[in-house]
Amino acid sequence: MNDLDFLLTPEGRALLDEVRDTDPVRELAVATRLRRTHPAELVSAALGQARLRQRAVAKFGAEDAGRMFFTPNGVEQSTRASVAAYRAGRFAALGVASVADLCCGIGGDAIALARAGIRVLAVDRDPVTAAAARANADALGLAGLIEVREADVTEVDTEAYDAVFVDPARRGGRGRIFDPEAYSPPLSWAVRAARTASRAAALKVAPGIPHEAVPEDAEAEWISDGGDVKEAVLWFGAGAAPGAVRATLLPGPRTLPGTGLPDPEVRTPGRYLYEPDGAVIRAHLVAEVAAQVGGGLLDATIAYVTADELLPTPYATAYEITDRMPFNVKKLKALLRERGVGTLTVKKRGSAVEPEELRRKVKPQGPNSATVFLTRVAGAPTMLVGHPAR
């Protein structure tokens with residue numbers, strides 16, 4: 001019996017309830033007490049699952065995470081609930097009634113699809129992971145819409161389903177995998193599976209995927225949530241615009257489509273600096289943001305936009321720049337002391353200096369706050385000081 005098999009028994013569920021809100025600093029004391037009445041390995045399994053549930057709150061919310069079952073890889077690699085819900089909504093808007101979710105993991109996307117009213121076949125070859133997906137469908141009352149199958153996804157017939165969703169494994173024994181053909185299964189196989197879907201398909205890939213690796217018949221969408229880039233998705237079939245790119249920001253959603261604009265011109269720094277959202281940068285849509293705010297680039301190789309006016313855009317964060325100087329730690333320290341800056345936010349792009357290293361050197365003190373950008377202006381190392389634009 002593995003840990004999950006035990007945790008799904010009445011005794012295991014009772015033990016999980018008992019350790020549900022265990023504070024990490026009290027874990028040893030709780031484990032010592034419980035081992036007097038339960039086998040040590042079962043206590044360890046319950047406490048381990050409790051820790052995974054606590055970590056999963058950031059992705060699934062406290063209510064769902066507190067009822068779900070996780071594996072360490074499942075917590076790490078599962079789709080954030082908000083992103084999965086957005087994707088499920090896009091499938092539902094296409095009229096998709098059934099999806100084959102290949103490489104389903106612990107079931108994060110299957111759950112979102114089912115909550116959108118879509119019937120799901122969830123497939124994973126790992127028996128413990130598939131068992132967790134099945135347990136999660138049951139725990140959240142979605143077992144009627146989610147069929148979990150333990151199988152090799154390359155051997156599953158998806159012909160009976162409207163759409164296909166593939167989430168290949170992008171981590172190996174040495175960490176993240178950057179070569180799409182080293183995914184498990186490889187991107188080329190996932191693309192072939194997508195092209196066989198009767199209505200639509202989506203492939204979840206790493207946000208760092210090279211644009212040249214995107215198939216010509218796919219639409220590429222980069223998604224961020226709360227400012228953090230989470231993933232890229234390749235869309236095929238109905239609703240997809242072959243060759244198009246877009247950046248989608250959550251919550252919202254707000255979507256910026258690519259319009260094929262040339263790279264913005266490099267210009268002298270204006271009063272405002274715009275920091276594009278990471279999804280915008282990954283999608284190569286900085287030119288679209290620059291056009292919205294009437295700006296240009298500080299440097300041809302840096303994704304910072306500068307402009308003279310403050311114009312609203314959801315696709316970038318605006319800062320008012322008060323000072324500009326060549327990179328010089330002593331001058332920055334003197335300026336911050338003069339301004340009484342004790343809270344210093346350090347942002348960098350195109351600089352080798354580490355933010356914590358700079359903070360240690362300038363030793364900010366005082367009641368005020370500021371943001372310093374370590375970057376290049378027309379190739380020259382430069383410091384720009386300012387604050388979020390009001």
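Hydrophobic clustering (ILVMFWY, side-chain heavy atoms < 4.5 Å, transitive): V153 and V233 are in distinct clusters. In terms of hydrophobic clustering, with Ile, Leu, Val, Met, Phe, Trp and Tyr side chains grouped at heavy-atom distances under 4.5 Å, I302 and L384 are assigned to a common cluster. Hydrophobic clustering keeps V99 apart from W189 (ILVMFWY residues linked when any side-chain heavy atoms are closer than 4.5 Å, directly or through intermediates). Follow the hydrophobic side-chain contacts under 4.5 Å out from L344 and you reach V329 in the same cluster. Hydrophobic clustering of Ile, Leu, Val, Met, Phe, Trp and Tyr side chains at less than 4.5 Å, counting indirect connections, unites L113 with L94.
When all heavy atoms are compared, the tightest approach of T79 to E231 is CG2-OE1, 3.8 Å. Nearest heavy-atom pair, A283 versus R246, reported as atom, atom and distance to 0.1 Å: CB-O, 4.0 Å. Between V214 and A220 the shortest heavy-atom distance is CG1-CB, 4.1 Å. The two residues A133 and G107 have their closest heavy-atom pair at CB-N, 4.1 Å. Counting all heavy atoms, side chain and backbone alike, V128 lies closest to L4 at O-CD2, 3.6 Å. Listed here is the closest heavy atom pair of A318 and L310: CB-CD1, 3.6 Å.
Looking only at distances, no side-chain donor or acceptor of S224 sits under 3.5 Å from a matching main-chain atom of A279. A donor-acceptor pair under 3.5 Å is absent between the side-chain atoms of D308 and the main chain of G270, judged by distance alone. For the pair D299 (side chain) and G379 (backbone), a donor-acceptor distance under 3.5 Å is present. Using modelled atom types, one side-chain atom of H211 and one backbone atom of R282 make a donor-acceptor pair closer than 3.5 Å. Of the possible polar contacts, none joining the D225 side chain to the L249 backbone as a donor-acceptor pair under 3.5 Å is found. Not one N or O on the side chain of K59 forms a donor-acceptor pair closer than 3.5 Å with the backbone of G108. With hydrogens and angles disregarded, no donor-acceptor distance shorter than 3.5 Å links the side chain of E219 to the backbone of A240. The main-chain N or O of D162 is found under 3.5 Å from a side-chain atom of S198 such that the two form a donor-acceptor pair. Although no hydrogens or angles enter the test, the distance criterion places a donor-acceptor pair under 3.5 Å between the side chain of R170 and the main chain of P168. Judged by distance alone, with hydrogens and angles left aside, the side-chain atoms of T382 form a donor-acceptor pair with the main-chain N or O of A380 at under 3.5 Å.
Contact of the Y304 side chain with the R349 side chain is registered, since non-hydrogen atoms from C-beta on lie closer than 4.5 Å. Annotation: side chain of I223 is in contact with side chain of L250 (closest heavy-atom distance under 4.5 Å). Residues V120 and E147 fail the side-chain proximity criterion, which asks for heavy atoms closer than 4.5 Å. Using a 4.5 Å heavy-atom cutoff, the side chains of T306 and L297 are not in contact. Under the 4.5 Å side-chain criterion, counting only non-hydrogen atoms from C-beta, E354 is in contact with K348. Contact annotation: the side chain of K204 approaches that of R87 to within less than 4.5 Å [non-hydrogen atoms, C-beta and beyond]. Counting heavy atoms from C-beta on, the side chains of R53 and F60 never come closer than 4.5 Å. V75 has its side chain out of reach of N73: every pair of non-hydrogen atoms, C-beta onward, lies at least 4.5 Å apart.
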* What do the steps show when you test T259 against E288 for side chain to side chain donor-acceptor pair (under 3.5 Å), and what is the final call? -> CA-CA 7 Å; T259 56; E288 278 72 6; 2.9 Å; yes
* Start with the C-alpha distance between R271 and E320, add both sets of side-chain angles, then the distance that settles salt bridge (Lys or Arg N to Asp or Glu O under 4.0 Å), and finish with yes or no. => CA-CA 6 Å; R271 182 177 177 182; E320 184 174 5; 2.8 Å; yes
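Not less than 6.0 angstrom separates the ring centroid of Y274 from the ring centroid of Y319. With ring centers used as reference points, H284 lies 6.0 Å or more from W222.
Within a 6.0 Å radius of CZ in R90, more than 12 heavy atoms belonging to other residues, nucleotides or ligands are found. No more than 12 heavy-atom neighbours from other residues, nucleotides or ligands sit within 6.0 angstrom of CZ on R26. Within 6.0 Å of the CD atom in E181, the count of heavy atoms belonging to other residues, nucleotides or ligands exceeds 12.
Rounding to the nearest 0.5 Å gives a distance of 10.5 Å between CZ of R134 and CG of D124. For the atom pair OH of Y161 and CG of L102, the computed distance is 10.0 Å after rounding to the nearest 0.5 Å. Note that CZ of R13 and CD of Q49 are 10.5 Å apart. Values are rounded to the nearest 0.5 Å. To the nearest 0.5 Å, atom CD of residue E27 and atom OG of residue S44 are 8.5 Å apart. Rounded to the nearest 0.5 Å, atoms OG1 (T268) and CG (L298) are 9.5 Å apart. Atom SG in C103 sits 12.5 Å away from atom OH in Y183 (nearest 0.5 Å).
Ring geometry, F165 versus F91: the interplanar angle exceeds 60°, so the pair is classed perpendicular (tilted spans 30 to 60°).
The closest side-chain donor-acceptor pair between T129 and T71, if any, does not fall under 3.5 angstrom.
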